[in-house]
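Reading through the structure tokens given below for one structure.
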Amino acid sequence: MACLGPKCSLYYMLISIWGIIMLALMGIFFQIRSIALFEDIKVDEKEWAMANFSKSYVQEKYEDNAINCWIAAGIYLVLFAWSFFQYKLNARQNYEMS
């Protein structure tokens with residue numbers, strides 16, 4: 001039984017492909033510690049000062065963000081699989097009706 005129509009499932013597939021690509025690339029750039037993404041990491045000034053402004057604290061925050069991006073890309077991958085399944089169900093139902 002299809003929960004989504006053919007257009008809606010196609011839309012979700014396209015959005016999830018974009019989400020997978022974007023978040024996977026952001027995860028890679030966080031992993032290589034791109035300086036352009038420094039403003040996007042959560043650096044608590046007090047914690048960083050307690051760590052004596054160490055480089056390892058910032059590197060840990062970059063790695064945390066990379067993992068979060070890859071988890072979100074995985075969620076988009078699951079959404080893509082579900083949308084693809086819905087799209088195939090709709091195609092099969094339309095074929096059986098005609």
Side-chain angles (χ1 to χ4, degrees):
M1 182 170 142
C3 298
L4 299 175
K7 292 178 185 176
C8 188
S9 59
L10 185 61
Y11 173 75
Y12 282 148
M13 281 194 299
L14 292 175
I15 293 297
S16 60
I17 288 170
W18 171 248
I20 292 167
I21 293 169
M22 182 189 68
L23 288 167
L25 286 174
M26 282 184 64
I28 290 168
F29 290 131
F30 274 121
Q31 187 66 34
I32 63 172
R33 298 175 188 96
S34 174
I35 195 68
L37 295 173
F38 180 74
E39 292 180 356
D40 295 324
I41 62 174
K42 281 187 145 182
V43 176
D44 187 18
E45 298 286 331
K46 292 178 184 176
E47 286 182 19
W48 196 21
M50 299 265 302
N52 293 327
F53 301 102
S54 69
K55 185 178 176 182
S56 63
Y57 176 80
V58 175
Q59 290 174 348
E60 179 183 319
K61 294 300 180 180
Y62 268 112
E63 290 172 6
D64 289 345
N65 278 7
I67 290 170
N68 288 341
C69 285
W70 289 326
I71 289 171
I75 292 170
Y76 271 110
L77 185 64
V78 170
L79 177 66
F80 175 79
W82 183 69
S83 300
F84 183 75
F85 178 70
Q86 293 293 311
Y87 186 76
K88 287 298 183 182
L89 278 178
N90 281 316
R92 185 174 59 185
Q93 285 177 354
N94 288 339
Y95 178 73
E96 289 175 359
M97 291 176 130
S98 44

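Linking ILVMFWY residues whenever their side-chain heavy atoms come closer than 4.5 Å, directly or via other members, places Ile75 and Ile67 in the same cluster. In terms of hydrophobic clustering, with Ile, Leu, Val, Met, Phe, Trp and Tyr side chains grouped at heavy-atom distances under 4.5 Å, Ile71 and Phe29 are assigned to different clusters. Hydrophobic clustering of Ile, Leu, Val, Met, Phe, Trp and Tyr side chains at less than 4.5 Å, counting indirect connections, keeps Ile41 apart from Met50. Two different hydrophobic clusters hold Val78 and Met22 under the rule that ILVMFWY side chains link at heavy-atom gaps under 4.5 Å.
In terms of heavy atoms, Ala73 sits closest to Ala24 at CB-N, 4.3 Å. Between Ser9 and Asn90, the closest heavy-atom pair is OG-ND2, 4.2 Å. Taking both residues in full, the closest heavy atoms of Leu77 and Ile20 are given as CA-CD1, 3.6 Å, listed atom of the first, atom of the second, then distance. Of all heavy-atom pairs between Gly27 and Ala66, the closest is O-CB, 3.5 Å. Across all non-hydrogen atoms, the minimal contact from Phe30 to Asp40 is CZ-CB, 4.0 Å. Heavy atoms only, all atoms of each residue included: Lys42 and Tyr57 are closest at O-OH, 4.4 Å.
Residues forming a salt bridge (Lys or Arg N to Asp or Glu O under 4.0 Å) with Glu63 (at least two apart in sequence, or on another chain): Arg33.
The line from CD of Glu60 to CD of Glu47 is 9.0 Å long, rounded to the nearest 0.5 Å. In this structure, Ile32 CD1 and Leu37 CG are separated by 9.0 Å, a value rounded to the nearest 0.5 Å. Considering CG of Leu4 and OH of Tyr87, their distance stands at 13.0 Å, rounded to 0.5 Å. Here the CG-CD distance, from Leu79 to Gln86, works out to 10.5 Å after rounding to the nearest 0.5 Å. Interatomic distance, Cys8 SG to Met13 CE, rounded to the nearest 0.5 Å: 10.5 Å. Atom-to-atom distance recorded for Ser34:OG and Tyr62:OH is 6.5 Å, nearest 0.5 angstrom.
More than 12 heavy atoms of other residues, nucleotides or ligands lie within 6.0 Å of CZ in Phe80, so this atom counts as buried by the packing criterion.
In this structure the side chain of Trp70 reaches within 4.5 angstrom of the side chain of Gln31, judged on heavy atoms. For the pair Leu14 and Tyr11, the minimum side-chain heavy-atom distance is 4.5 Å or more. Contact of the Cys3 side chain with the Trp82 side chain is registered, since non-hydrogen atoms from C-beta on lie closer than 4.5 Å. Using a 4.5 Å heavy-atom threshold, the side chains of Tyr76 and Ile21 count as separate.
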